[in-house]
Amino acid sequence: MSKVWKKRNPDIILSVISSLSHYKKWKNGQEVEDFQAGLIQAMNSTNMWVLTNGLDGGIAKIVGDAVRFERERRIILTSRKKDFYVKLSKRDEVDDLPRLTVMGVVPKLQIDFDASKEGIHDSIISLKKSGIKSEALELNSEHSHFIIMEQNTDLKELENFRLRVEERLLMPIGRGKRYRKMQMFDPTLNAGSIPENLPTISSTCTPMVGLLIQGGPIDIDHVVDLLRRKVPVLVVQGSGQAADLLSFVYFEKVNHTGDDYESYVKTELIKRMMNCFPKDFVDDELARNRCRDIFLECVSLAYQDNGRFLTVLDINADPDGLRNLDKYILMTLFESQVSKQGSRFQEQFQSDLKLTLDWNRPDLAASQIFEKYDWTTIKITPELFDKALLKPGREKFVELFLERETILLHEYINYKKLLDLFNNVANPDFFCQICLEGVLAKSPVVLANKGMSYPVGKDFVIGRDCDLNYLLYKLTNLENLVSSKDISMNFSGQFVCDKVTAERKALNALIYWSVLTFNPGVTRVLWKKSDQPMVMALVISMIWHNLAIKWSRDLDTKRQLKQAAIEFGKQAVKLLDLSYSDSCLNTIASLDEKFPELNNKTTIKLAHIARNKFFIAHKSCQKWLVQRWHGNLLIREVDYGVFKLPNWLKIYLSVLFIFPMLFWITYEVKEENGIKLTGDVTGLDGAAKISELLYSRGVRDLEFLIDEGTTIVNKLFPGVNIPIAV
């Protein structure tokens, strides 16, 4: 198979079990469409093989029609993609979709074709009817591959042949997959070994799930053979025939455990079997009882080794069940995985997590994988984290990985990884057209000497004056926000700072990447993990606001940028309000905190650069401004009865006569060691300090210290020059 068909191991195999002889047309056409939509959605998300009986009828034809519709859709989208004026959406990209693989396992005697087509052919041939009326059928032309059995005497032999094919497909095809070794266990345990008192996970190389839709007695034999080999089976209740009978027996087993269970089920099952299969057991009580016992055996094999191998999808209880077929396939697979002795934990974990990531099922990843393996510290590979970052709509996986601490960002990102992330975004149009062409004025066309601007080269991220830092400087007025040297040194283990700071720098680099490629979902998730959420929200809002105002020409893109900028601006104000409600003094003091990763700018300075008027209008910022306006002088209230002096008069009298300071002024000065001293004015030394404070700092502190030499009035109202007199 690997040599002739050039096929490699799939991620999962779905074996559709439904014989044509017992097929009844689906009464609800919407259910057929939902089944086709759910199947194609699963096949478009991951490399999944589908096995059928290969004939042009029944469920196999429904599967073939779904594949035909999808191929036609891909052809149309591919032709539209060549049109320069047609812009495809993200979900319509067809380049990265896996090939549709549908295999038919069919006996030669069931095929109606001309005898001249027998033998070995070097080219593709078409099978045509021989013109002789017979019970033979045509192959479904939408199947991509066929496995034809030369000699076949009965249906049981065909079922055994297909079972052997399925057993072979469970084994590796071609060169096996390679997995990076990861330290999966708690470091307090034996290094690199699996503890004896903890369970280990082992499974087949290629996961397989059986899907029973309708079906007859021969299909029940197929189901029980799969269950005996511990291959999980998904039963579609509501499709009719054998699927409904098996669902009935299963739920009776689950809901009734009394002594009369077996006698009741046997009697009721025989009645229902005779209604469903009236021609199969005519005057053949032995075959009828054998089929009944097979149903009971299937239910008895539903639970093995603490795993559930039989799952029922009730399409009447869940109308969207068929459309969400991928969800039920994964649930069937995960609930059947059992703990065995072995050393394939890493392979199993990565395979399961890749399936949930491909099918975008973070709910199943959290409930069926992480909670199931909560006895160990789990680490994921960088390749899985790459997929979560780069694949559209996988923000919840990024959040899940970061919350579970499955990866350390400073061990994940270096300058090469950052460059790869920029060059492999799902939709590079925004980054190319707005950031490269708009902000950096780089040409998108091939020039004689310079080449193309995208994909970007290593000069984009390497060096203090690289294009990435220049791009961020034009958007934020902040220099050297991303140090490729620092993150690469931290990645290699030669830390240039402590691990907390290294993790912060790596996280900030990823945030800047998601902001410049305009991925609001990933940006929101990464921002939540920041230990400086307020200032990072201001920076993110500032970048998107400047891109929208200065460089975005498309009205829809401009609107999206503005909405995202407003959202993060409001988040910064909300965090400030929460901090202020918790502690007013600490919040006001935090506005003076400097951030080394942001050019030692303070929070209030960043809010001013971002021109976030709602942030500056907050009462904590206004109190900070009042303190700056008064030069950190605290005016004491002295009770004189009815008579009360205004504060401005106290300040003027203290400036002119000095001694009134002893009664009215307390002060706060910052010594060289950074310790703040607050006290009353006592003695001539205290008066001298206050006098010096008033003359040397009083007027200067009235100036808004965000920018030296600019008053608060000038800063809040540009262009208005109002002198300050004391």
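Since the model is a prediction, treat every value here as computed from it, not as a measurement.
Put simply, NE2 on His222 and CD1 on Ile294 are 13.0 Å apart, with the number rounded to the nearest 0.5 Å. Atom CE of Met208 is separated from atom CD1 of Ile13 by 4.0 Å, given to the nearest 0.5 angstrom. Taken to the nearest 0.5 Å, the CG atom of Asp280 stands 3.5 Å off from the NE2 atom of His22. Here Phe161 contributes atom CZ and Glu166 contributes atom CD; the two are 11.0 Å apart, rounded to the nearest 0.5 Å. Here the straight-line distance linking atom OH of Tyr23 with atom CD1 of Ile59 works out to 5.0 Å at 0.5 Å rounding. Within the model, atoms OH of Tyr264 and CG of Leu269 stand 10.5 Å from one another, a figure rounded to the nearest 0.5 Å.
Using a distance-only test at 3.5 Å, with no hydrogens or angles considered, a donor-acceptor pair links the side chain of Thr406 to the main chain of Phe401. A donor-acceptor contact shorter than 3.5 Å links the side chain of Arg71 to the backbone of Glu142. At least one donor-acceptor pair under 3.5 Å links the side chain of Trp359 to the backbone N or O of Ala42. In this structure, Asn324 contributes its side chain and Lys327 its backbone to no donor-acceptor pair below 3.5 Å. Listed for the Asn360 side chain is no donor-acceptor partner under 3.5 Å among the backbone atoms of Thr356. Listed for the Gln304 side chain is a donor-acceptor partner under 3.5 Å among the backbone atoms of Leu301.
Gln368 has its side chain out of reach of Leu330: every pair of non-hydrogen atoms, C-beta onward, lies at least 4.5 Å apart. Contact check for Arg164 versus Arg168: no side-chain heavy atoms found under the 4.5 Å cut-off. Looking at heavy atoms from C-beta onward, Val265 lies in side-chain contact with Leu296 at the 4.5 angstrom threshold. The shortest distance between side-chain heavy atoms of Arg308 and Phe334 does not fall below 4.5 Å. The shortest side-chain heavy-atom distance between Leu325 and Gln41 does not fall under the 4.5 Å cut-off. Looking only at side-chain heavy atoms (C-beta outward), Ile17 and Leu226 come within less than 4.5 Å of each other. For the pair Val63/Val102, a side-chain contact is recorded, criterion being any heavy-atom separation below 4.5 Å from C-beta on. Proximity of Glu335 to Phe309: side-chain heavy atoms (C-beta onward) are nowhere separated by under 4.5 Å.
Nearest heavy atoms, Phe295 versus Leu246: CE2-N, 3.7 Å. When all heavy atoms of Gln30 and Asn28 are compared, the pair lying nearest together is N-OD1, 3.0 Å. Shortest non-hydrogen contact noted between Arg394 and Leu357 is NE-O, 2.7 Å. Contact between Leu20 and Gly58 at its shortest, heavy atoms only, is CD1-N, 3.3 Å. Minimum heavy-atom separation, Ile62 to Gln36: O-NE2, 3.1 Å. Counting all heavy atoms, side chain and backbone alike, Glu268 lies closest to Phe248 at CG-CZ, 3.4 Å.
Here Arg290 pairs with Asp221 in a salt bridge; the nearest charged N to carboxylate O distance falls below 4.0 Å. Using a cutoff of 4.0 Å between basic side-chain nitrogens and carboxylate oxygens, Asp305 and Lys230 are scored as salt-bridged. Here Arg323 does not pair with Asp320 in a salt bridge; the nearest charged N to carboxylate O distance is not below 4.0 Å. Comment: Lys61 engages Asp65 in a salt bridge, judged by a side-chain N to carboxylate O separation of less than 4.0 angstrom.
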* Given Lys354 and Glu383, is the salt bridge (charged side-chain N to carboxylate O under 4.0 Å, His left out) satisfied, shown in steps? -> CA-CA 10 Å; Lys354 182 180 181 299; Glu383 290 76 15; over 6 Å; no
* Applying salt bridge (charged side-chain N to carboxylate O under 4.0 Å, His left out), run through Arg524 and Glu395 and close with a yes or a no. => CA-CA 9 Å; Arg524 195 176 297 110; Glu395 298 85 5; over 6 Å; no
* To do: Kindly determine whether Lys391 and Asp358 satisfy salt bridge (charged side-chain N to carboxylate O under 4.0 Å, His left out), including the steps that lead there.
  => CA-CA 9 Å; Lys391 264 198 167 185; Asp358 287 341; 3.3 Å; yes
* Going through the checks in order, is the salt bridge (charged side-chain N to carboxylate O under 4.0 Å, His left out) test met by Glu297 and Arg228? -> CA-CA 10 Å; Glu297 184 180 358; Arg228 288 167 181 169; 2.9 Å; yes
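Within 6.0 Å of atom CD in Glu72, more than 12 heavy atoms from other residues, nucleotides or ligands are found, so the atom counts as buried in its surroundings.
A donor and an acceptor atom, one from each side chain of Thr52 and His143, are located under 3.5 Å apart. With no hydrogens or angles considered, a side-chain donor-acceptor pair links Arg74 and Asn44 at under 3.5 Å. Side-chain atoms of Ser15 and Arg162 form a donor-acceptor pair, as typed in the model, at a separation below 3.5 Å.
Of the candidates Thr101, Thr46, Thr206, Thr206 is the only one forming a side-chain contact (heavy atoms from CB on, under 4.5 Å) with Pro10.
Scanning for side chain to side chain contact (heavy atoms under 4.5 Å, CB included) contacts around Lys396 gives Pro362, with sequence neighbours left out.
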Please report, to 0.1 Å, the donor-acceptor pairs under 3.5 Å made by any side chain of residues 210-220, with sequence neighbours excluded.
from, atom 1, to, atom 2, distance (Å)
Gln214, OE1, Lys24, N, 2.7
Gln214, NE2, Lys24, O, 2.8
Gln214, NE2, Ser239, O, 3.4
Asp219, OD1, Ser19, N, 3.4
Asp219, OD2, Ser19, N, 3.0
Asp219, OD2, Ser19, OG, 2.8
Asp219, OD2, Gly216, N, 2.8

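For Tyr412 and Phe385, the distance between ring centers is under 6.0 angstrom.
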